[in-house]
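Just so it is clear, the model here is predicted, and its values are computed rather than measured. Letters A, B, ... mirror the listed sequences (proteins, then strands); counts begin at 1.
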Number of protein chains: 2
Amino acid sequence: MKRDSRLSSVLHALLHMAEHDGPMTSERLAECMNTNPVVVRRTMGLLREAGIVASARGHAGGWTITADLGILTLRQLHEVLGEPAIFAIGNRNETPDCLVEQSVNAALDAAFAEAEALLLDRFADVTLADLAADFARRHAERRARKGVGNAK
Amino acid sequence: MKRDSRLSSVLHALLHMAEHDGPMTSERLAECMNTNPVVVRRTMGLLREAGIVASARGHAGGWTITADLGILTLRQLHEVLGEPAIFAIGNRNETPDCLVEQSVNAALDAAFAEAEALLLDRFADVTLADLAADFARRHAERRARKGVGNAK
DNA sequence: TTTCATGTAACTTTAATTATTACGAATCTT
DNA sequence: AAGATTCGTAATAATTAAAGTTACATGAAA
């Protein structure tokens, strides 16, 4: 299976949009993420339905953020994307008649449920504003390393 | 992508083997799990390399457990299977130049790392003997519900 | 020496994501 | 009003990884 990278993609897109004045087209976002504009529209369309972004057609159209980045969390975005399956490992048969397999499933399910709960809690802890701040920090660091702005 | 169900499969196989006297053939194990004998051999072969099971060819051949079920954990089996990817969700690009994407990756990676650590800890908590005991409990319960052994 | 069973390579099928093509609909500019 | 721009979306193909299948070699027991 391929891994679902849409959460990563929409985060990337939203942060670029936050750094950018005015709407960004699907075309430009697609360039940022090395993908296809149609893929961008499909994924961003889900965020639009959730009221997180808005889109406009025609000249000077494109995508804009409408949500408050200080409130929007990774968990909300995960939900907006339809809560895709988190694990690449799973039971062979979800509803087995075999009692042996039922024991196996119960043990695995319990472990996966705990891990999923923790992951979603961590997702809920991180807002888009947190990510934007982290980016700003990395950006400042890079500038410092390059010596940009150092009088000399 | 399909989900990897080999851990579930080998647990199922090991418990059936534990309940069974003498070696079990790939054919019989495959029937238990609704799969193909070659798939069983492929997967069980990894366990053999790790010294968890032994195989014998020819008449009266098949698979037998050599490990101590009281010590063998889900985590060890996960490792023996090559530590397959746990998550079906991931970063779009693992080594991006883009600072924005680096921030996104860092946040997601941190959350996934925590969830993975928890999952592996839980896997380490469960031995095959625990699963066998759980199966025995379920088996007894079913017998009780059916009234088997109830004098009447 | 025949039968049974594993060992493995090569190939096919299946399932899921992502990418692409094509075209329609709306909006802005001139 | 014409034309360019941009989203909306359906339909289809490509990609990727797991699981299944076929074929045949190897070895052990009756």
What is the distance, rounded to the nearest whole Å, between atom [atom1] of [X] and atom [atom2] of [N]?
{"X": "A:R57", "N": "C:dC23", "atom1": "CZ", "atom2": "P", "result": "18 Å"}
{"X": "A:K2", "N": "D:dA17", "atom1": "NZ", "atom2": "C1'", "result": "10 Å"}
{"X": "B:L46", "N": "D:dA19", "atom1": "CG", "atom2": "P", "result": "12 Å"}
{"X": "B:H59", "N": "C:dT6", "atom1": "NE2", "atom2": "C1'", "result": "13 Å"}
{"X": "B:L81", "N": "D:dA18", "atom1": "CG", "atom2": "P", "result": "12 Å"}
{"X": "A:R48", "N": "D:dC7", "atom1": "CZ", "atom2": "C1'", "result": "8 Å"}
{"X": "B:R41", "N": "D:dG20", "atom1": "CZ", "atom2": "C1'", "result": "13 Å"}
{"X": "A:D4", "N": "D:dA17", "atom1": "CG", "atom2": "P", "result": "15 Å"}

query: Which residue lies toward the 5' end of DNA chain C, B:R92 or B:E49, if each is placed at its nearest nucleotide?
result: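 Closest to the 5' end, via its nearest nucleotide, is B:E49.
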(message) Mind checking if B:G45 touches a base, just sugar-phosphate, or nothing, with heavy atoms under 4.0 Å?
(response)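 No contact.
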For this session: Output the residues of residues 14-34 of chain B in contact with DNA chain D, where contact means a heavy atom of the residue under 4.0 Å from an atom of the strand; sort by number or write none.
Result: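 Within this stretch, nothing sits under 4.0 Å of the strand.
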> What orientation do B:F87 and B:F112 show, parallel under 30°, tilted 30 to 60°, or perpendicular over 60°?
Replying inline: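 Answer is tilted, since the angle falls between 30° and 60°.
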It should be established whether B:R42 places a side-chain nitrogen or oxygen under 4.0 Å from OP1 or OP2 of nucleotide C:dT6. no
